[in-house]
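Atom set for the values below is all heavy atoms of this structure, side chains included, hydrogens, waters and symmetry mates excluded.
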Amino acid sequence: MTRMRIVTAITALVLIGLCYVLSVTVFADRKKDNAIKVGFVYDGDESAPYTYNFIKAMNKIDEYYPDGRVQIVSRSNIHEDTGEMVMNEMIEDGCDMIITTSYGYQTSAKKLAKEHPEVQFCEATGDNANDDPLPNYHTFMGEIHEGRYVTGIVAGLKIKEMIDGGIITPDQAKVGYVGAFPYAEVISGYTAFILGVRSVVPTATMEVRYTNTWTSYSLEKACAEQLIDDGCIIISQHSDTIGPAVACEEAFENGIKVYHVGYNQSMIDVAPTTTLVSSRINWSVYILSAVDAVLNDKSIEKVVPGNVHGYDMGGGFEDGWVQILDINNLVVAEGTQEKVDEAIERIEKDQVTIFKGDYIGINPSDPNDTIDLKNGYIESEKTSAPSFHYILKDVITVY
């Protein structure tokens with residue numbers, strides 16, 4: 001290496017170091033009296049279980065900092081096209097930290113992070129933190145496939161009870177799934193769910209119907225109703241409203257034996273006679289710890305408990321990122337709680353590989369791209385965002 005190249009390399013390293021120091025210094029100057037302002041950007045509002053799940057985490061901040069050291073501002077129902085404008089307004093309003101709660105915000109959030117090194121940006125469900133990484137831009141997501149798998153076990157136990165009781169025959173063991181889009185996040189979730197079901201009822205089949213939108217009560221309910229008409233006896237979902245739960249409850253009232261597995265919140269109050277269980281990502285694990293890190297000028301990735309992938313973080317049952325909500329003991333099969341506890345313990349001890357079995361998966365975007373699950377696939381091994389995007393050959397999908 002020539003002397004000029006050596007000098008250039010050293011100069012570049014010095015500049016990177018100075019930029020980092022400047023970032024920390026600017027942030028320290030921005031904070032006043034060991035207090036910070038945190039902005040939340042939501043694509044929905046509290047009427048949507050997905051957004052409400054984040055709001056519950058946000059509200060815990062006041063419980064942890066009753067002295068007012070952490071001021072909160074939030075904006076709801078922000079379309080991804082206007083996300084950058086809203087984030088700019090929060091920066092002008094003095095926010096030291098901005099938490100965005102939908103994948104669609106990540107491009108704008110990272111752009112602004114580069115322009116404003118004095119502000120920490122945390123993007124939920126994002127996957128771009130480690131592409132040209134910035135010390136003030138982070139992504140995070142709970143490893144919800146673990147929760148999907150366990151709720152699949154709950155569904156499988158109910159199906160087995162129905163078979164043993166003569167309510168259905170083994171060839172009627174069909175589950176339905178309302179999915180938003182054919183993204184890896186959704187595909188990973190319903191694959192984990194059916195594999196959980198099949199760990200109890202190996203012959204169970206699945207039909208998936210996509211709404212092609214994240215939040216539409218009417219579309220989600222209509223998809224669930226069609227799945228019920230197609231003979232599904234358990235309906236689960238990766239969509240943002242209570243539509244599927246309501247569809248199951250109404251069908252049950254009309255004499256159709258169908259049950260529901262929820263997401264993001266307990267849905268027993270919506271569907272008390274059909275809800276079996278729900279799972280959710282507990283966003284407060286990340287949000288509370290990240291706020292504490294920013295408040296105390298510490299590295300987020302060194303403070304938050306979980307699995308670290310550069311500037312990206314995730315976690316499952318072990319660190320409290322994923323939770324099973326409200327097993328409906330009036331409806332679930334006998335012994336369900338014990339089986340759930342057993343499954344969670346095995347997952348925490350790495351004694352089960354969820355994506356494993358005698359299955360071939362096909363990439364819906366490229367039929368020539370397939371995967372054989374005989375040797376297993378480790379989800380969220382390198383990123384917090386789900387990466388399993390192969391549809392099992394025997395799963396029916398309706399777009």
Side-chain angles (χ1 to χ4, degrees), residues 144-165 167-179 186-209 223-224 227-228 230-239 242 244-245 247-249 251-252 256-268 270-280 317 322-344 346-347 352 354-355 357 359 392 394-396:
I144 191 58
H145 65 280
E146 294 183 357
R148 301 283 192 192
Y149 180 78
V150 172
T151 58
I153 291 174
V154 174
L157 291 168
K158 186 63 180 181
I159 293 172
K160 185 177 185 301
E161 179 187 72
M162 295 172 75
I163 294 172
D164 293 344
I167 297 174
I168 63 169
T169 60
D171 62 353
Q172 292 175 314
K174 183 178 181 180
V175 301
Y177 203 97
V178 179
V186 177
I187 294 170
S188 172
Y190 67 64
T191 303
F193 180 72
I194 187 59
L195 293 178
V197 173
R198 286 177 175 170
S199 71
V200 182
V201 183
T203 58
T205 59
M206 170 182 267
E207 178 179 336
V208 177
R209 285 187 171 264
C223 282
L227 289 167
I228 294 168
D230 290 347
C232 295
I233 56 172
I234 304 277
I235 305 293
S236 190
Q237 65 182 90
H238 192 154
S239 53
I242 60 173
C248 291
E249 194 71 7
F252 201 91
I256 301 173
K257 294 283 187 179
V258 60
Y259 297 93
H260 180 258
V261 172
Y263 180 47
N264 284 318
Q265 71 179 41
S266 171
M267 296 191 180
I268 293 177
V270 177
T273 56
T274 57
T275 289
L276 298 173
V277 67
S278 294
S279 63
R280 78 172 185 125
F317 283 116
V322 175
Q323 294 179 329
I324 298 299
L325 300 175
D326 293 349
I327 294 174
N328 190 350
N329 291 316
L330 296 176
V331 182
V332 297
E334 184 177 352
T336 292
Q337 183 66 66
E338 290 77 11
K339 293 294 185 181
V340 166
D341 293 341
E342 177 185 319
I344 293 174
R346 291 181 63 217
I347 290 171
V352 57
I354 292 172
F355 293 88
Y359 302 107
L392 303 187
D394 61 347
V395 169
I396 299 169

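Screening Ile396, Val208, Val261, Ile235 for a side-chain contact (heavy atoms from CB on, under 4.5 Å) with Tyr177, the sole residue that qualifies is Val208.
Considering only heavy atoms from C-beta on, Tyr259 comes within 4.5 Å of Val331 through its side chain. Under the 4.5 Å side-chain criterion, counting only non-hydrogen atoms from C-beta, Ser239 is in contact with Pro244. Side-chain contact check for Thr169 versus Ile163: every heavy-atom pair is 4.5 Å or farther apart.
Nearest heavy-atom pair, Ala173 versus Ile159, reported as atom, atom and distance to 0.1 Å: CB-CG2, 3.7 Å. Nearest heavy-atom pair, Gly196 versus Ser199, reported as atom, atom and distance to 0.1 Å: O-OG, 2.6 Å. Shown here for Ala247 and Ile228, the closest heavy-atom pair between the two residues is O-CD1, 3.9 Å. Minimum interatomic distance between Gln237 and Ala245 (heavy atoms only, all atoms of both residues): OE1-N, 4.2 Å. In this structure, Val258 and Cys232 approach most closely via the heavy-atom pair CG2-O, 3.6 Å. Contact detail for Val197 and Ala155: the closest heavy-atom pair is CG2-CB, 4.0 Å.
Interatomic distance, OG of Ser236 versus CG of Leu227, reported as 11.0 Å (0.5 Å rounding). Going from atom CD1 of Ile234 over to atom OG1 of Thr274 covers 9.5 Å, rounded to the nearest 0.5 Å. To the nearest 0.5 Å, the span separating OG1 on Thr151 from CD1 on Ile144 amounts to 7.5 Å. We find the CE-CG distance between Met206 and Leu392 to be 9.0 Å, quoted to the nearest 0.5 Å. In this structure, Glu146 CD and Ile324 CD1 are separated by 9.5 Å, a value rounded to the nearest 0.5 Å. With values rounded to the nearest 0.5 angstrom, Ile168 atom CD1 is found 10.5 Å from Glu161 atom CD.
Checking side-chain atoms of Glu207 against main-chain N and O of Gly176 turns up no donor-acceptor pair under 3.5 Å. No donor-acceptor pair under 3.5 Å is formed between the side chain of Gln323 and the backbone N or O of Leu325. Judged purely by atom type and a 3.5 angstrom limit, Asn328 uses its side chain to pair as donor or acceptor with the backbone of Pro272. With hydrogens and angles disregarded, no donor-acceptor distance shorter than 3.5 Å links the side chain of Lys257 to the backbone of Met162. Ser266 places no side-chain N or O within donor-acceptor distance of the main-chain N or O of Asp326, the cut-off being under 3.5 Å.
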*Just do the side-chain contact (heavy atoms from CB on, under 4.5 Å) check on Ile354 and His145 with the steps written out, would you?*
CA-CA 8 Å; Ile354 292 172; His145 65 280; 3.7 Å; yes

*Determine, step by step, whether Leu157 and Lys339 satisfy the side-chain contact (heavy atoms from CB on, under 4.5 Å) criterion, reporting the C-alpha distance in whole Å, the side-chain angles of both residues, the deciding distance to 0.1 Å, and the verdict.*
CA-CA 9 Å; Leu157 291 168; Lys339 293 294 185 181; 3.7 Å; yes

*Applying side-chain contact (heavy atoms from CB on, under 4.5 Å), run through Ile347 and Val150 and close with a yes or a no.*
CA-CA 9 Å; Ile347 290 171; Val150 172; 3.8 Å; yes

*Could you please spell out the steps behind the side-chain contact (heavy atoms from CB on, under 4.5 Å) verdict for Ile153 and Tyr149?*
CA-CA 6 Å; Ile153 291 174; Tyr149 180 78; 3.7 Å; yes

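In this structure, Arg148 is positioned above the aromatic face of Tyr263, its NZ or CZ under 6.0 Å from the six-membered ring centre and within 45° of the axis.
A salt bridge is defined here as a Lys NZ or Arg NE, NH1 or NH2 lying under 4.0 Å from an Asp or Glu carboxylate O, and Asp394 with Arg198 meets this definition. Ion pairing of Asp230 with Arg209 is present here, as a side-chain N (NZ or NE/NH1/NH2) and a carboxylate O approach within less than 4.0 Å.
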Hey, can you pull the donor-acceptor pairs under 3.5 Å for the side chains in residues 188-195, sequence neighbours left out?
unit_1: Ser188; atom_1: OG; unit_2: Glu379; atom_2: OE2; d: 2.7
unit_1: Tyr190; atom_1: OH; unit_2: Tyr210; atom_2: OH; d: 2.8
unit_1: Thr191; atom_1: OG1; unit_2: Ile187; atom_2: O; d: 2.7

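Checked by atom type, the side-chain pair Thr273/Glu249 shows a donor-acceptor distance below 3.5 Å.
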